[in-house]
Each structure stands twice: as structure tokens, then as C-alpha cells.
Amino acid sequence: MSESNDNKNHLNIEISGDVATGIYSNLTLIAHSQGEFIMDFLQVLPGLPKAQVKSRVILTPENAKRLLYALKDNIRKFEANNGPIKEPRGENLPPFPMTGPTPEA
């Protein structure tokens, strides 16, 4: 492969210090419209009836599907090294709905 082809497939990624520290989220609400998926990442604190959205990510449907495949692959690799991840409450269902209202255009 030529050097010019190597440069075409190379992506230089930078991350600032404040973004690198990350945001903790223990709840994600997902909504979608015809052209996008919206994921709100929240922090829910025990005993408080209110949760704050800490970050919102908006994806095209194609990139949402890529994310799904990437998560499946990473979970498979994680479980191969660490054993199965326990399902919440021993079931396939979360303790409350994890999707938000469908946004209107």
C-alpha cells in the first residue's frame, strides 16, 4: 500500500483534558425521529426524584447502528475476559423505561 493510501485511512483524534475525564451516567434515555437518534445521558442519585441530563449525543440512523455493532463487539470482548455481565434484576428488562418521547420536527 502506498503512503498516500495510508494517509487517507488515518484519522488524527485529539481530546481535551476536560472531555478526557468523562461524564458519569447511570441512565440513558433514547428517542428518535426520521433522521436522527438522540441519546441523553443522565445521573440519577438515590432518593432523589429528579435526574440531570449531563450530556446529549445526536446520531444519524446509520451511525446509531454502527454504535450498536461497536457496543456488541466490545461487550463480547469484555465478557470473554471478565465473565458475563449480570442483567439488571435478573431479567432482560430495565427497572423502568429507557426511552424518551419521540421528538417532533
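The shown structure was predicted, so the numbers you read here are calculated from the model rather than taken from an experiment.
Following chains of ILVMFWY side-chain contacts shorter than 4.5 Å, one cannot reach I75 starting from Y69, and the two form parts of different hydrophobic clusters. By the rule that hydrophobic residues join a cluster once side-chain heavy atoms approach within less than 4.5 Å of another member, L68 and F37 end up as members of separate clusters.
Looking only at atom types and distance, the side chain of Q52 has no donor-acceptor partner in the side chain of K50 under 3.5 Å away.
Of the possible polar contacts, one joining the S25 side chain to the L42 backbone as a donor-acceptor pair under 3.5 Å is found.
Across all non-hydrogen atoms, the minimal contact from I85 to E79 is N-OE2, 2.8 Å. Nearest approach of M39 to L67, heavy atoms of both residues: CE-CD2, 3.6 Å. Shortest non-hydrogen contact noted between P61 and G35 is CD-O, 3.2 Å.
Considering only heavy atoms from C-beta on, I23 stays 4.5 Å or farther from F41 through its side chain. Between I13 and L11 the shortest side-chain heavy-atom distance falls below 4.5 Å.
How far NZ of K54 is from CG of L27: 13.0 Å, rounded to the nearest 0.5 Å.
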